[in-house]
Amino acid sequence: MEEYHALPKYKTSRANTHSRRANWKATAAQTIKCPNCGAPMLSHMACPSCGSFRGRVYREGIRTSHTK
């Protein structure tokens, strides 16, 4: 026995397609303050300014004084 899936009877208009897709929005990643230097950082990641994570320094900071 074959199963048939529902198919659209008519083409979905551009207005309906765009209005449906307009509700899909990207959200910005949540940042927290670094407990070591106070710079904004992603949670569960090393701080880009000082390189510390959970009280340990793993590497030098990526940002230098001449970058934006």
Side-chain angles (χ1 to χ4, degrees):
M1 180 178 239
E2 293 184 36
E3 290 185 28
Y4 295 103
H5 299 283
L7 295 174
K9 188 173 273 193
Y10 301 106
K11 180 179 179 178
T12 306
S13 68
R14 267 190 204 165
N16 286 344
T17 303
H18 290 167
S19 65
R20 182 181 67 246
R21 289 181 182 167
N23 293 319
W24 285 87
K25 297 176 186 70
T27 57
Q30 296 294 319
T31 58
I32 58 172
K33 280 175 51 174
C34 175
N36 190 31
C37 66
M41 61 178 271
L42 295 173
S43 60
H44 303 95
M45 300 289 281
C47 177
S49 295
C50 63
S52 66
F53 179 67
R54 292 193 179 187
R56 295 174 59 186
V57 177
Y58 287 94
R59 57 175 168 69
E60 292 292 323
I62 295 171
R63 295 183 188 153
T64 58
S65 60
H66 66 281
T67 59
K68 291 183 182 179

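If you're wondering where the values come from, they're calculated on a predicted model, not measured in any experiment. Note: hydrogens, waters and symmetry copies are ignored here, and every other heavy atom, side chains too, is used.
Under the rule for a side chain to side chain contact (heavy atoms under 4.5 Å, CB included), the partners of Arg20 that lie at least two apart in sequence or sit in another chain are Thr12, Thr17. Listed by chain and residue number, Lys25 satisfy the side chain to side chain contact (heavy atoms under 4.5 Å, CB included) test with Asn23 (two or more places apart in sequence, or in another chain). For Ser13, the side chain to side chain contact (heavy atoms under 4.5 Å, CB included) criterion is met by Ala15, Asn16, not counting sequence neighbours.
Annotation for Asn36 and Ser52: closest pair CB-OG, 3.4 Å, computed over non-hydrogen atoms.
Note that CZ of Arg14 is 11.5 Å distant from CZ of Arg21, once rounded to the nearest 0.5 Å.
Counting Ile, Leu, Val, Met, Phe, Trp and Tyr side chains that sit under 4.5 Å apart, directly or through other members, Met45 shares a hydrophobic cluster with Leu42. Cluster partners of Ile32 are Met41, counting Ile, Leu, Val, Met, Phe, Trp and Tyr whose side-chain heavy atoms approach within less than 4.5 Å, directly or via other members.
Taking 4.5 Å as the limit, every side-chain heavy atom of Ser49 sits out of range of all side-chain heavy atoms of Cys34.
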